[in-house]
Participant: 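First the structure, which I've put down as structure tokens, then a few questions once you've had a look.
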Amino acid sequence: MKKIIEQIKNSRNILILSHKNPDGDAVGSSLALALALKTLGKEVSCFSVSGIPEVFNFLPGVDFFRKGADFMNYDLVVLLDCATFSRTGIEDIQRVAASFDRLIIVDHHPKTEVEESAESEYWIDEKKSSTAVMIYELLIEMGVNISKDVATCLLTGIFTDTGGFQHSNTDESSMRAAAELMKKGPRIEKISRNMFSGKSVPAIKLWGKALSRIENSSNTGMAVSYVTMEDIEEAGAKEEDLSGLISVINTVSDAKFSLLLTEYDKNKIKGSLRSEDYKGMDVSRLARGLGGGGHKLASGFEMEGDIGRSIAKISNMVLRLKDKTNKEG
Ligand code: 5GP
Ligand code: MN
């Protein structure tokens, strides 16, 4: 961590990047770091290729997210909640990345590929519940004052990635960090409403449609549903309204894991995978097999094709993986 702090201290213009389709941890960590570094006199920008979903408008400092970034005038790039530039979804990123001399990566995903630059420092720890708890520890180590605004952003990150302190990644250090952050005055019910419980009627109707389609196969152990572009349009909803739906699909207790396929563009599908500790399934293996990645109990991927064929393809892959595991084990 010392080297990371040194790099931050020696930089003036800092760009914070995270993964596309940003979640509460990606946005919360980015804004908390941006707000804290601003108080140290740094120039800071955040950028997300897919823009910032409206649900994050309640977060202090959301204006740090620039609509366009030229990626050229920064002396430090910080990559949060992911470890490769390709996860940012920025087209042509490899070309602009050539100008990133100094790079810091803070991430809590299992270490697979890690980006490097002339002077890169990374802190990757898959045992951490969230990137936000890591940024909290970093700011404490730096001796930076944690304001109510910074606390709100960090608590949002911890709260989202632990599913409101319900997932198995909820550990003592996250609870302790959350307790310390609560002392600064953030409002947990406001975070909870914006992240999980506040929904529009079109969103709930869309969830209803997807939930009514759940299929649970004892063969694959998969509870699966899907949403098409047409469904979203018919409901008068937005794609971001689907955030959180996979957690409900994942409540099927006799499934080994759950899958939600979302058609976000013609023939382009995003998949979300979830499982639970007690179900004994590592969904990140399946996600990696499909070109994606993530955590053991929460992963994702993107694929091309139509929904029906994709479900068939994934089911076959699950059966093959099951077969392989049985043979190995
Ligand atoms: P979600 O289902 O909420 O989009 O993603 C769940 C988890 O999987 C997150 O930790 C996210 O970072 C990871 N993830 C989602 N989509 C992808 C992907 O396309 N590639 C990789 N490597 N990880 C993904
Ligand atoms: Mn995260």
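By convention here, the first residue in the shown sequence is residue 1.
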Participant: Do Leu321 and Phe301 belong to the same hydrophobic cluster, where Ile, Leu, Val, Met, Phe, Trp and Tyr are linked whenever their side-chain heavy atoms lie under 4.5 Å apart, directly or via other members?
Facilitator: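 Yes, Leu321 and Phe301 fall within the same hydrophobic cluster.
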Participant: Could you report the tightest heavy-atom contact between Lys256 and Lys279, atom names first, then the distance?
Facilitator: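 Nearest heavy atoms, Lys256 then Lys279: NZ-O, 3.0 Å.
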Participant: Applying salt bridge (Lys or Arg N to Asp or Glu O under 4.0 Å), can you list everything that pairs with Asp323, at least two apart in sequence or on another chain?
Facilitator: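 Residues passing salt bridge (Lys or Arg N to Asp or Glu O under 4.0 Å) with Asp323: Lys327.
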Participant: Ring pair (Phe, Tyr, Trp, His ring centres under 6.0 Å) with Phe58: which residues, sequence neighbours excluded?
Facilitator: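 Listed in chain order: nothing, the list is empty.
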Participant: Mark yes or no for whether Asn316, through its side chain, and Lys313, through its backbone, hold a donor-acceptor pair below 3.5 Å.
Facilitator: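 No, because the side chain of Asn316 does not come within donor-acceptor range (under 3.5 Å) of the backbone of Lys313.
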Participant: Can you see whether Ser174 engages Ser129 through a side-chain donor-acceptor pair at a distance of less than 3.5 angstrom?
Facilitator: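 Looking only at side-chain atoms, Ser129 and Ser174 do form a donor-acceptor pair, the distance falling under 3.5 Å.
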Participant: Determine, for Lys268 against Glu304, whether the closest basic-nitrogen to carboxylate-oxygen distance falls under 4.0 angstrom.
Facilitator: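 Counted as a salt bridge, because a side-chain N and a carboxylate O are separated by less than 4.0 Å.
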Participant: By side chain to side chain donor-acceptor pair (under 3.5 Å), which residues pair with Thr162, not counting sequence neighbours?
Facilitator: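 Expected list: none.
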Participant: Taking the side chain as every heavy atom from C-beta outward, state whether Asp23 and Asp81 have any atom pair closer than 4.5 Å.
Facilitator: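 Yes - at least one pair of side-chain heavy atoms lies under 4.5 Å apart.
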Participant: Please list, chain by chain and in numerical order, all residues satisfying side chain to side chain donor-acceptor pair (under 3.5 Å) with Ser173, sequence neighbours excluded.
Facilitator: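 In terms of side chain to side chain donor-acceptor pair (under 3.5 Å), with neighbours along the sequence ignored, Ser173 is linked to Asp171.
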Participant: Output yes when Asp231 and Arg213 qualify as a salt bridge under the 4.0 Å nitrogen-oxygen rule, no when they do not.
Facilitator: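 Yes, Asp231 and Arg213 are salt-bridged.
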Participant: Check whether Glu240 reaches the backbone of Glu54 with its side chain - one donor and one acceptor, N or O, closer than 3.5 Å.
Facilitator: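 Yes.
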Participant: Checking His19 now: which residues fulfil ring pair (Phe, Tyr, Trp, His ring centres under 6.0 Å) with it, not counting sequence neighbours?
Facilitator: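 With neighbours one apart ignored, the set is empty.
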Participant: Consider only side-chain N and O atoms of Asn169 and Asp161, and report whether a donor and an acceptor are under 3.5 Å apart.
Facilitator: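 No.
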Participant: Check salt bridge (Lys or Arg N to Asp or Glu O under 4.0 Å) between Asp92 and all other residues, then give those that pass, not counting sequence neighbours.
Facilitator: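 Here the qualifying residues are Arg95.
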Participant: What is the minimum heavy-atom distance between Ser18 and Ala26, and which atoms define it?
Facilitator: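 Smallest heavy-atom distance, with atoms named: OG-CB, 3.2 Å.
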Participant: If only atom types and distance count, is the side chain of Asp25 paired as donor or acceptor with the main-chain N or O of Ala132 below 3.5 Å?
Facilitator: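 Yes; at least one donor-acceptor contact below 3.5 Å.
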Participant: Considering only NZ, NE, NH1 and NH2 on the basic side and carboxylate oxygens on the acidic side, decide whether Glu6 and Lys9 come within less than 4.0 Å.
Facilitator: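 No.
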Participant: What residues form a salt bridge (Lys or Arg N to Asp or Glu O under 4.0 Å) with Glu302, not counting sequence neighbours?
Facilitator: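 Result, salt bridge (Lys or Arg N to Asp or Glu O under 4.0 Å) vs Glu302: Lys20.
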Participant: Under a single-linkage rule joining Ile, Leu, Val, Met, Phe, Trp and Tyr whose side-chain heavy atoms are separated by less than 4.5 Å, which residues share a cluster with Tyr74?
Facilitator: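 Direct or chained contacts put Tyr74 with Leu15, Leu17, Phe47, Val49, Phe71, Met72, Val77, Leu79, Phe85, Ile90, Ile93, Val96, Phe100, Leu103, Ile105, Val114, Tyr122, Ile124.
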Participant: Listed by chain and number, what are the side-chain contact (heavy atoms from CB on, under 4.5 Å) partners of Ser284, not counting sequence neighbours?
Facilitator: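 Only Asp282, Arg288, Ser299 meet the side-chain contact (heavy atoms from CB on, under 4.5 Å) criterion with Ser284.
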Participant: Check for me, please, whether Met1 and Met142 land in the same ILVMFWY cluster - side-chain distances under 4.5 Å, paths through other members count.
Facilitator: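 Yes, Met1 connects to Met142 through the hydrophobic network.
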Participant: For Phe64, which residues count as a ring pair (Phe, Tyr, Trp, His ring centres under 6.0 Å) partner, sequence neighbours excluded?
Facilitator: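 Scan of Phe64 (ring pair (Phe, Tyr, Trp, His ring centres under 6.0 Å), adjacent residues dropped) gives none.
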Participant: List in chain and number order the residues that pass ring pair (Phe, Tyr, Trp, His ring centres under 6.0 Å) with His295, two or more places apart in sequence or in another chain; answer none if no residue qualifies.
Facilitator: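 If we apply the ring pair (Phe, Tyr, Trp, His ring centres under 6.0 Å) test to His295, skipping adjacent residues, the hits are His108, His109.
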Participant: Begin with the C-alpha distance, continue with both residues' side-chain angles, and end with the deciding distance and a verdict on side chain to side chain contact (heavy atoms under 4.5 Å, CB included) for Ile158 and Leu181.
Facilitator: CA-CA 10 Å; Ile158 299 173; Leu181 293 168; 3.9 Å; yes
Participant: Within the 4.5 Å heavy-atom criterion, are Ser168 and Leu297 side-chain neighbours or not?
Facilitator: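 Sidechains of Leu297 and Ser168: in contact.
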Participant: Excluding sequence neighbours, so at least two apart, what forms salt bridge (Lys or Arg N to Asp or Glu O under 4.0 Å) with Lys270?
Facilitator: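 For Lys270, no residue satisfies salt bridge (Lys or Arg N to Asp or Glu O under 4.0 Å) once neighbours in sequence are set aside.
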Participant: Any sub-3.5 Å donor-acceptor pair from Lys322's side-chain atoms to Thr220's backbone N or O?
Facilitator: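 Looks like no, no N/O pair under 3.5 Å.
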